[in-house]
Number of protein chains: 2
Amino acid sequence: MAKISDVAREAGVSVATVSRALNDHPNVNPEYADRVRAAAAKLGYRPNGIARSLRRQSSDVIALIISDVSNPFFTAITRGVEDVAQRSGYSVLLCNADEDSAKEATYLRVAEQEQVAGVILSPHMAGSDVSRLRGANIPLVVIDRPLNEPVDSVMVHSREGAESATNHLLDAGWTRPACITGPEEAATAQERLQGYLEAVRQHGNLDELFVHAPFRQHGGARAASELLDAEVAPDALFVANAQMTLGVLDELKRRGLRIGRDIGIITFDDAPWAPFISPPMSVVAQPAYDIGAQAAQLLMERIRGTAPAERRQLTLSTTLIVRESSQRSWGMR
Amino acid sequence: MAKISDVAREAGVSVATVSRALNDHPNVNPEYADRVRAAAAKLGYRPNGIARSLRRQSSDVIALIISDVSNPFFTAITRGVEDVAQRSGYSVLLCNADEDSAKEATYLRVAEQEQVAGVILSPHMAGSDVSRLRGANIPLVVIDRPLNEPVDSVMVHSREGAESATNHLLDAGWTRPACITGPEEAATAQERLQGYLEAVRQHGNLDELFVHAPFRQHGGARAASELLDAEVAPDALFVANAQMTLGVLDELKRRGLRIGRDIGIITFDDAPWAPFISPPMSVVAQPAYDIGAQAAQLLMERIRGTAPAERRQLTLSTTLIVRESSQRSWGMR
DNA sequence: CTGAAAGCGCTAACAG
DNA sequence: CTGTTAGCGCTTTCAG
C-alpha cells in the first residue's frame, strides 16, 4: 500500500503538503495540489484510516447498535440513520446486539476501541453501561428504549399507542383482550403493557390478562399458548411487536383458531408483511425511519458540537392502522 | 482515558511488560502480571484498538457487506456469520450496500481504511471492484453472487432451485408460468431466470414469460403489473426473491386476483412470514444461516493462514417447500 | 525475564 | 504557503 510519504516523493513535496492538499486545506498552492492529486492517483494512494483516526482521535464512522437485526422495525431505523449519516459524510457500522447484554457490551467496547465518531444505541436494558463511551468522550444517542442516565434520545409514545390499540379492540366488540408483551426488563415492553392496562382499567371490570416473553417469534408462540391454555382465555390479543406476532400466528394456526372470528389481534409495528396475511393485520405503526433519521440528526449535531448543552429528548407518535385482524365478523360466527 | 503508560506507572513496571502481561505472552513474571492486571482494573484501562491496529497492521473485526439489510435472507446470513466470527473472537461490522454500487464502494473503502481483518461481501455486480482489498492484503470471501475474479465463495444452486420451482408449478397444473426476476446485472437474477427457462423449454411449446426488475417490493409490484397487463398473461408466477413477492402480493390484491385459483405463485426465500400469508406461500428455501456460517468459516481460515492456497468455492443446495400458494384449487374455479 | 526505544501512517504545531 | 518534526497509543525488536 502506498503511503503518504510515497506520494510526497512522487509529487516532489513534503508529507505535510500532501496531507493538506488531500484534506482540502485552505492555503495550499493550487499547482502543488494538482501535482499531489496526480501522484496520489498514479500510486493508487488511499489514506490509512487507522493512522488518521489515531492522530485525529476520531473517525468518520458511527456505530448503530440495534437490538435485533431480523426485526423490520430496526432495519427501517437503519435506513433512516444511513440516509442522514451519509449526507454528512459518515459511514454507519451496524452492530447486532441480538437482545443480549453481553453482545451489546462487546459492541460498545468495539465502538470505544475503534474510536467511532458517535454511537446510536437501542439499549437492551435501562441499566446498560455506557460509561466508557462518556469516558472516551464519544457522543451517544439512544433510541427506542430509555437509559437510566440523562442522554439525547428519540423514543416513541408506546404507552399511548398500546392504549389506543387496546381501546380499538374493545370498541370492535371483543370482550376479553389480553396483552403479549416483551421481557420485564425492557422498558418498551413495560410501556406497552401499561397502555393495555390503562385501557382495560378505564373500561371497568375486565380481567387483566398479560404475559411477558422474549421479543421473538418463539416468545410470541409461547405466550399465546400460555394465554390460550388458561382457564379464562382471551378473545383478543394485543401483541407488543411484529416478531412475536409471527409466533402468535403460528400458535393460532396450530390450534385452528380463526382470526376475526374466534380471536381478534392487533400488533405493534407495521411490518412489510402485515397487509398480506389473512386477514390483513391491524397495527400500531411506529415511525421507524424517522426515529433513525432524527437520532442521526441529533448525533451529527453533537459530533459537530453545534448541539445545545442540555440533553434533548424527542418522542414521536405512533399511528393506528386498522385493517381486518382486529375486526369482529359477527355475521360469520 | 487511561493509557498503557498510566498502567505501567501504577504497576511500577515498563509499558512493554504491561503490553506483554495483557496480551498473555508466555514469558512474563506472574507476580508482575498480577500487578499489571490489578493496575489496569483499577484505572479502568482499555487498550486503544486504533493504536493497536496501527501497530499490528490488522484488527479483530471483520466487515460483512450485504446487499439489503431489510431482506430477511441477508439478515439470516448475518446471524450465521456472527455466530462463527464471535466464536473465533472477532466482531462483525455490518454494512448495508443497499443494492447500490456506490455505497458498496464506500464500504469497501471503509473496510480497507479501517484495516479490518477480513471481509465477506455479496457483490452488487460481478464486476464489483475489490482490487484495493487485495492490494491491502485483506482476505475476502464472496457470498450469494459471484465475482469475475477468482475468490473464495459460498453460493447456492439458484438455477436448480428455480428449475424445480417452475417444474412444480407446471406439475401442479398451471399452464402459463412466468418469471419475475431481479435486475439483469445481478447474477442470481440471471440464474433464476435460466432455471425457469430450462424448465419451460423442457416442457415444450410454452411461452417464455419473464421480466427483470429491482430486487425490491416496488420492483415486484411493477413486474407483476407489466406481466398481468400483457396480451398473454401468465396464470402462475415464479418470483426470484421474497422482497419482490411482497410487491407482487400487493399488485395481486389490487387486482382482486385470488392466489391458488386465479393465479399460482412460488418464491425464492423462506421469509418468516411465508407460512402466514393467505394461502401459505410455497418457497424455494436457501440455507441462509449456513451460507453465513460457512463463509465466516472460510474467512477465519484465510485470516489465520490455515487455508490452502487455492480458492475454495462452496455451493449449497436449496430445498423446495410446497405450501398452498402454488397449488391449484380445481374444485373452486 | 524486563526495559528502552523504534516505529505503524498520519496530522498539526511551529518555524521558516 | 511549505517543510520539519513531534507525537497519537500501542507492540515488538533488541539489548541487557
Side-chain angles (χ1 to χ4, degrees), chain A residues 1-37 39-40 43-61 109 112-117 132 135-138, chain B residues 1-36 39-40 43-61 109-110 112-117 132 135-138:
Chain A
M1 282 306 308
K3 40 212 257 196
I4 203 169
S5 56
D6 298 327
V7 179
R9 192 173 334 103
E10 178 75 23
V13 298
S14 73
V15 294
T17 301
V18 175
S19 175
R20 288 193 275 254
L22 264 23
N23 290 293
D24 303 310
H25 271 244
N27 300 327
V28 50
N29 186 326
E31 191 194 325
Y32 279 7
D34 284 346
R35 254 163 53 197
V36 167
R37 269 189 288 274
L43 300 180
Y45 169 77
R46 292 287 176 96
N48 179 322
I50 299 283
R52 170 181 285 174
S53 299
L54 179 57
R55 180 59 229 237
R56 287 200 186 153
Q57 304 281 49
S58 91
S59 66
D60 57 357
V61 317
R109 185 157 37 71
E112 177 200 353
Q113 293 187 353
E114 300 296 319
Q115 307 254 49
V116 298
R132 314 243 12 144
N137 232 317
I138 296 175
Chain B
M1 284 306 310
K3 41 214 258 195
I4 201 171
S5 56
D6 298 327
V7 178
R9 192 173 334 104
E10 177 75 25
V13 298
S14 73
V15 295
T17 300
V18 175
S19 175
R20 291 190 193 104
L22 263 23
N23 289 292
D24 303 311
H25 271 245
N27 299 328
V28 48
N29 185 326
E31 191 194 326
Y32 279 9
D34 285 346
R35 250 158 59 192
V36 167
L43 301 179
Y45 169 77
R46 292 287 177 96
N48 179 321
I50 300 282
R52 169 181 286 175
S53 298
L54 180 59
R55 177 62 226 237
R56 287 204 188 149
Q57 304 282 48
S58 94
S59 65
D60 57 357
V61 318
R109 186 158 37 71
V110 170
E112 177 201 353
Q113 293 187 352
E114 301 297 319
Q115 307 254 50
V116 298
R132 314 245 10 145
N137 233 318
I138 297 176

Contacts of B:Asn27 and A:Tyr45 projected onto DNA chain C by closest heavy atom; the upstream (5') one is B:Asn27
*asked:* On DNA chain C, compare the nucleotides closest to B:Gln115 and B:Tyr32; which residue's is nearer the 5' end?
replied: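 Of the two residues, B:Tyr32 wins.
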[atom1] of [X] versus [atom2] of [N]: gap in Å, rounded?
| X | N | atom1 | atom2 | result |
| --- | --- | --- | --- | --- |
| A:Ile4 | C:dC8 | CD1 | C1' | 14 Å |
| B:Glu31 | C:dC1 | CD | C1' | 13 Å |
| B:Ile50 | C:dT11 | CD1 | C1' | 15 Å |
| A:Leu54 | C:dC10 | CG | P | 12 Å |

* Asked: So, do B:Asn23 and B:Arg52 sit near enough that their side-chain heavy atoms are less than 4.5 Å apart?
  ->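 In contact.
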Any B:Asn48 side-chain heavy atom under 4.5 Å of A:Gln115 side chain
yes
Do the side chains of A:Lys3 and A:Asp6 get close enough for a salt bridge, i.e. N-O under 4.0 angstrom?
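Salt bridge absent between A:Lys3 and A:Asp6.
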Sorted by position of nearest nucleotide on DNA chain D, 5' first, the leading residue of A:Thr17 and B:Ala2 is A:Thr17
* To do: For C:dG9, take OP1 and OP2 only and decide whether either is under 4.0 Å from a side-chain N or O of B:Gln57.
  => yes
Return no unless some side-chain N or O of A:Asn23 is found under 4.0 Å from OP1 or OP2 of C:dT11.
yes
inquiry  = Over all strands shown, is B:Ser19 touching base, sugar-phosphate only, or nothing at heavy-atom distances under 4.0 angstrom?
reply    = base
Taking only the side-chain heavy atoms of [X] (C-beta and beyond), determine which of [options] contains the nearest atom.
| X | options | answer |
| --- | --- | --- |
| B:Val28 | C:dT2, C:dA4, C:dA12 | C:dT2 |
| A:Val15 | C:dC10, C:dT11, C:dT2 | C:dT11 |
| B:Arg55 | C:dA6, C:dA5, C:dT2 | C:dA6 |

In terms of heavy-atom contacts, A:Gly12 and A:Arg35 come closest through O-NH2, 3.7 Å
Exercise for the section: Determine the minimum heavy-atom distance between A:Gln57 and A:Leu54, stating which atoms define it. Expected result: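 Nearest heavy atoms, A:Gln57 then A:Leu54: OE1-O, 3.3 Å.
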Between B:Arg109 (side chain) and B:Arg132 (backbone), is there a donor-acceptor pair under 3.5 Å?
->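 It does not hold such a pair.
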One should read off an interatomic distance between B:Arg46 CZ and B:Leu22 CG, to the nearest 0.5 angstrom, of 11.5 Å
Check: Under a criterion of less than 4.0 angstrom to any heavy atom of chain B, what are the 5'-terminal and 3'-terminal contacting nucleotides of DNA chain D?
Finding: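 The contacted stretch runs from D:dG9 to D:dT13.
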